[in-house]
K.L.:
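Handing you a structure now.
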Amino acid sequence: MLTDILRELAATGTTLVAVSKTHSAERVLDIYRQGQRIFGENRAQEMLEKYEALPKDIEWHLIGHLQTNKVKFIAPFVRIIHSVDSLKLLEEIDKQAVKNNRVIDCLLQFHIANEESKFGFDEAGAHDMLSGDIFPLLKNVRICGVMGMATFTDDLEQVQSEFRDLKTIFERLRREFFRDAPYFREISMGMSGDWRIAIEEGSTMVRIGSLIFGERN
Ligand SMILES: *Cc1c(COP(=O)(O)O)cnc(C)c1O
C-alpha cells in the first residue's frame, strides 16, 4: 500500500505524512523499514514516547489539537506543527522554541469543514493575528502554510469545494503576509478517504493513516 501511494504522490511532488497515532512503535518501525521517514501523531505524549523509542532520523509532525501545556514535551524535536489554531498556542510554541534554541515550523489550521467539532481559525481570525502587534515578536516560529480537514462525507463535491476554499485562503494569506517568504508554501490537506481529491486541489502534504496502518481501534 505504502509503495502504491508513494508512486502516485511522486508524480505531483506531494509529501506523505504517515499517520501512526494509536499504533505501536513496532508498527512504525515496519513502515520505517520500507523507507518512510515522516510520521504524524495527534497527541504530544504519544509522539514523545515514539520519538524516544525509534530511530532519530524520523521527522515527527504534530497534526492534532495541541494544548499549550503539552508543547514543552515536543518542542525539542518536533519537525513541524500542523495544528496551530490560536495566538495563545503560537506564543507558547515560540516560548518553548526559544528555550530549545531553535525555530519551530508551523502551519495555521483552518476550519473548512461543515462540522462543529473541528478546530481551526477562520480567515478573519488568522488575518487579525497576522496583522496584530504580537505576531511580529514571535521570532522562533515560522509559519510555513496552512492545514485543514474536510467534512467526513460521501459528497465528493463538498470535499472538493472545502479543499478549494483552503487553497484560496492560502493564496490570499501568501499575497498579504508572506509575499517575501518562500517557506510559506505548504497546504496540508487530504487523509485516507480524500487524498486524491486533495492532490487535485493543490495539496503539498497528505496525512494518511488507516490506508497505511490499517484501521485504528
Ligand atoms: C487521524 C488523522 C489523519 C489520518 O486519518 P486517516 O483517515 O486514518 O488517514 C489525518 N489528519 C489528522 C489531523 C488526523 O487526526
Side-chain angles (χ1 to χ4, degrees), residues 1-9 14-25 27-28 30-32 34 36-51 58-67 70-71 73-74 78-86 89 93 105-121 144-156 158-160 162-163 165-167 169-170 186-217:
M1 196 62 225
L2 180 68
T3 27
D4 296 334
I5 296 171
L6 285 172
R7 191 177 309 118
E8 278 194 55
L9 292 178
T14 315
T15 300
L16 172 64
V17 180
V19 177
S20 49
K21 64 188 184 195
T22 77
H23 299 292
S24 67
R27 295 290 323 283
V28 179
D30 283 344
I31 303 297
Y32 174 92
Q34 295 174 50
Q36 180 65 18
R37 291 295 179 271
I38 304 176
F39 292 91
E41 289 283 333
N42 68 337
R43 293 180 53 246
Q45 270 143 319
E46 187 174 345
M47 181 190 253
L48 173 59
E49 283 165 24
K50 285 177 190 164
Y51 166 74
I58 290 178
E59 267 188 30
W60 291 102
H61 290 215
L62 200 284
I63 61 169
H65 179 63
L66 180 58
Q67 290 171 278
K70 303 286 169 61
V71 176
F73 296 126
I74 61 169
V78 67
R79 170 64 192 80
I80 181 167
I81 299 172
H82 290 229
S83 43
V84 172
D85 56 6
S86 71
L89 176 59
I93 296 168
D105 285 347
C106 294
L107 305 178
L108 300 182
Q109 181 173 354
F110 283 88
H111 183 278
I112 54 171
N114 189 12
E115 283 166 6
E116 279 295 319
S117 64
K118 308 231 162 120
F119 293 97
F121 285 101
C144 297
V146 302
M147 179 271 229
M149 270 188 278
T151 304
F152 189 71
T153 173
D154 293 335
D155 182 347
L156 301 184
Q158 181 176 351
V159 170
Q160 181 182 47
E162 291 171 357
F163 286 153
D165 290 345
L166 186 61
K167 174 96 191 273
I169 291 171
F170 167 81
E186 305 295 352
I187 305 176
S188 167
M189 60 186 187
M191 308 176 24
S192 290
D194 55 22
W195 64 282
R196 286 196 178 93
I197 304 173
I199 289 172
E200 278 169 23
E201 298 306 324
S203 173
T204 67
M205 282 183 176
V206 291
R207 310 175 309 271
I208 298 182
S210 34
L211 267 186
I212 295 169
F213 285 94
E215 291 302 322
R216 289 177 293 274
N217 294 325

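Both counts, for ligands and for their atoms, begin at 1 and track the order of listing. Since this is a predicted model, take the numbers as computed values, not measurements.
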K.L.:
State if H82 counts as touching ligand 1 under the rule of any non-hydrogen atom under 4.0 Å.
P.N.:
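Not so, H82 does not reach ligand 1.
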K.L.:
For ligand 1, which atoms, with element, lie under 4.0 Å from some heavy atom of S192?
P.N.:
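Answer, ordered by atom number: 6 (P), 7 (O), 8 (O), 9 (O).
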K.L.:
Does ligand 1 come near enough to G209 that some N or O of the ligand is less than 3.5 Å from an N or O of the residue?
P.N.:
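Such a contact does occur with ligand 1.
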K.L.:
Looking at I208, which atoms of ligand 1 are within less than 4.0 Å of one of its heavy atoms?
P.N.:
9 (O)
K.L.:
Can you tell me which residue among Q160, K167, R196 is in a side-chain hydrogen bond (donor to acceptor under 3.5 Å, both in side chains) with E201?
P.N.:
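Only one option passes, and that is Q160.
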K.L.:
What protein heavy atom lies closest to atom 12 (C) of ligand 1? Include the residue and the distance to one decimal.
P.N.:
I63 CD1, 3.4 Å
K.L.:
Quick one: does any side-chain atom of K50 pair with a main-chain N or O of H23 as donor and acceptor, under 3.5 Å?
P.N.:
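Yes, the answer is positive, given that a donor and an acceptor are paired below the 3.5 Å cut-off.
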K.L.:
Under a 3.5 Å threshold, yes or no: a donor from one side chain and an acceptor from the other, between S188 and R207?
P.N.:
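Yes, because at least one side-chain N or O of S188 sits under 3.5 Å from a partner of the opposite role on R207.
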K.L.:
Does the side chain of E186 pick up a donor-acceptor pair with the side chain of T204 at under 3.5 Å?
P.N.:
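On atom types as modelled, these side chains qualify, holding a pair under 3.5 Å.
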K.L.:
State the atoms of ligand 1, each with its element, that fall below the 4.0 Å cut-off from a heavy-atom position in R207.
P.N.:
4 (C), 9 (O), 10 (C), 11 (N), 12 (C), 13 (C)
K.L.:
Under a plain distance cut-off of 3.5 Å, with no hydrogens placed, do Q67 and H65 share a side-chain donor-acceptor pair?
P.N.:
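No donor-acceptor contact under 3.5 Å links the two side chains.
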K.L.:
Hey, does L211 sit under 4.0 Å from ligand 1 if you only count heavy atoms?
P.N.:
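No, L211 has no heavy atoms under 4.0 Å from ligand 1.
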K.L.:
Does the Q45 side chain pair with the main chain of M47, one donor and one acceptor, at a distance under 3.5 Å?
P.N.:
no
K.L.:
From atom 14 (C) of ligand 1, work out which of K21, M191, Q109 has a heavy atom at the shortest distance.
P.N.:
K21
